[in-house]
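All of these numbers come straight from a predicted model, not from anything done at the bench.
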Amino acid sequence: MLLGQVVEARCTQVVNPKYTNICKVAKSVLAAMPDPSAMGDDPASASLAAVRTAFLTGALTPRDYADALCARAAACSELAIWAHFDADAFLAAAEAGPASGPLAGVPVAVKDIFDTADMPTEAGSPLWAGRRPMRDAACVAAMRAAGAVVMGKTVTTEFAFAHPGPTRNPYDPSRTPGGSSSGSAAAVAAGVAPLAIGSQTAGSIVRPAAFCGVVGYKPSFGRINRSGCLSFSESLDTVGVFARTVSDAWLLAEVLAGSARPTLPAPLRRLPRIGLCRTPQWERAAPESRAAFAAAASAIERAGGTVVPLEVGPPHQDLQTVHLQVMAYEAARALAPEWRTGRAGLSDKLAALVEEGRSIDVEVHRRNLASAAVARAAWAADLVDLDAALTPSAVGQAPAGLDSTGDAVFNRVWTLLRGPCLNLPAGRGPDGLPIGVQLVGKRWDDQSFIGTACWVETALQQAFGR
């Protein structure tokens, strides 16, 4: 069944009147989902490469492109992507933007935990309502210096944790787009923005990218400066990006990392070797996730790559608990001011995490950090003869309902290990919703990792289609 037919069928089943308009929006968005192959009649559906070429040749102006994106944003308003969006200000910035730079004239949506001097940054919490930063976050400043235009601020879960925001999945508005970078993933999936900034502390890049059918890239921990970004867990928080292709994601990430002249990775010198890592949590994977994993492995082999089983050793067995305890301990301390003065304004989920973190002894935290360091060394040894590992991105397709953003069980360990992670679309689940697979690489080996990811992306496109 085609995706549009699935949405049509689901929308005819809607009995709650409040979903009627949302389903209409979903069908119109799906009908205009971005085709990365060409410019076409609607610039909002064009690939970033096509848009940048059109800018250079004069076939398209940044203002015309901004107009097209504003029209798409209006059509998608009931997906609740934006925490702050001023169309007039965005159009003016696009028209006045610099004519040069690697992202000259390109709009980027920014998760609402990154400071922006000209827009509020409220982190999805009533405790930060009306907060106006004095300056841009370091990565936002780098992006502007490269010529990019900040389109607006996208919805995040409360303080980038688990309490859902209002954003809906563009493929089925009765379901979550994932969290905590919900608005950023949905913006790229719906064609509202070509690029978006997010962050990952547990699974907040890879999981929403999987649920929304886009590329989500979490670079190595520390590759992109976090100054001016909400601090939730100093050992885990990582800046990342959403895009329609791996090469687009790499371009934005390199700009955010401060590269003045970002370049694409060189073609692979040999066909890649990929480790198939089901992880100790494999029994949690839904049938559609297992099927996508197997199909992706087959696609890699058909394209000439080598796949080998990759079993993780004892240092990895308790890392889910280690991650959760590190996150709770550090979040309790990062949010201490909010806990002291605004406890009643925290959601039950976040308050429970802070309570847990306050109960963890500093010696326990020290042992957890030591266990993570041992596991990182073991993982580096596991990957010594491999270019990347293939693992599930999420339990399965986006779960029904809007009360949860999904389970990060297939993401926590990789965030703790601090290497690069990337979601690649890998077909559809039983309800026509996107399914993803995850590549995981060696820390600080991001450029080679992205080269491998580009190769795997092509293999998966040949197997699954775009």
First locate atom [atom1] of [X], then atom [atom2] of [Y], and finally report the distance between them rounded to the nearest 0.5 Å.
X: Glu95; Y: Phe90; atom1: CD; atom2: CZ; value: 11.5 Å
X: Asp407; Y: Arg284; atom1: CG; atom2: CZ; value: 4.5 Å
X: His323; Y: Trp414; atom1: NE2; atom2: CH2; value: 13.0 Å
X: Lys218; Y: Asp446; atom1: NZ; atom2: CG; value: 8.0 Å
X: Glu330; Y: Phe232; atom1: CD; atom2: CZ; value: 10.0 Å
X: Leu424; Y: Thr458; atom1: CG; atom2: OG1; value: 10.0 Å

Q: Show your reasoning for whether side-chain hydrogen bond (donor to acceptor under 3.5 Å, both in side chains) applies to Gln397 and Asp431.
A: CA-CA 8 Å; Gln397 64 184 13; Asp431 298 319; 2.7 Å; yes
Q: Take Ser247 and Thr245 through the side-chain hydrogen bond (donor to acceptor under 3.5 Å, both in side chains) test and state the conclusion after the steps.
A: CA-CA 5 Å; Ser247 59; Thr245 67; 3.2 Å; yes
Q: Check the angle between the aromatic planes of Phe55 and Tyr65 and answer parallel, tilted or perpendicular using the 30° and 60° thresholds.
A: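 Geometry flag for Tyr65 against Phe55: perpendicular rings.
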Taking [X] for its side chain and [Y] for its backbone only, find out whether a donor-acceptor pair lies under 3.5 Å.
X: Arg135; Y: Ala117; answer: no
X: Arg290; Y: Ala285; answer: yes
X: Asn411; Y: Ala202; answer: no
X: Thr61; Y: Asp64; answer: yes
X: Arg207; Y: Gly179; answer: yes
X: Gln320; Y: Arg412; answer: no

Q | Lys NZ or Arg CZ of Arg333 over Tyr329 ring: under 6.0 Å, within 45° | A |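 Here Arg333 passes the 6.0 Å and 45° test against Tyr329.
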Q) Which atoms form the tightest heavy-atom contact between Thr157 and Thr405, and what is the distance? A)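 Minimum heavy-atom separation between Thr157 and Thr405: CG2-CG2, 3.9 Å.
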Q) Do Gln200 and Thr415 get their side chains close enough for a donor-acceptor pair, meaning under 3.5 Å? A)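 Indeed, the side chains of Gln200 and Thr415 share at least one donor-acceptor pair under 3.5 Å.
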Q) How about Phe293 and Trp282: are their ring centroids closer than 6.0 Å? A)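 Yes - the distance between ring centres of Phe293 and Trp282 falls below the 6.0 Å cut-off.
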Q: Begin from the C-alpha positions of Glu338 and Trp128 and carry the test side-chain hydrogen bond (donor to acceptor under 3.5 Å, both in side chains) through to its verdict.
A: CA-CA 9 Å; Glu338 287 75 16; Trp128 279 22; 3.0 Å; yes
Q) Gln438 and side-chain contact (heavy atoms from CB on, under 4.5 Å): which partner among Cys277, Pro392, Cys421? A)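 Going through the options one by one, the only one that passes is Cys421.
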Lys/Arg N to Asp/Glu carboxylate O, [X] vs [Y], below 4.0 Å:
X: Asp118; Y: Arg144; answer: yes
X: Asp115; Y: Arg131; answer: yes
X: Arg278; Y: Glu283; answer: no

Q.
Assess the residue pair Thr201 and Asp237 against the criterion (side-chain hydrogen bond (donor to acceptor under 3.5 Å, both in side chains)); give the C-alpha distance rounded to whole Å, side-chain angles, the decisive distance to 0.1 Å, and a yes or no.
A. CA-CA 5 Å; Thr201 302; Asp237 296 341; 2.6 Å; yes
Q. Thr154 pairs by side chain to side chain donor-acceptor pair (under 3.5 Å) with which of Ser182, Ser184, Ser181?
A.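 Output: one option passes, namely Ser184.
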Q) For Arg132, does the CZ atom sit with more than 12 other heavy atoms under 6.0 Å from it, leaving out its own atoms? A)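 More than 12 within 6.0 Å, yes.
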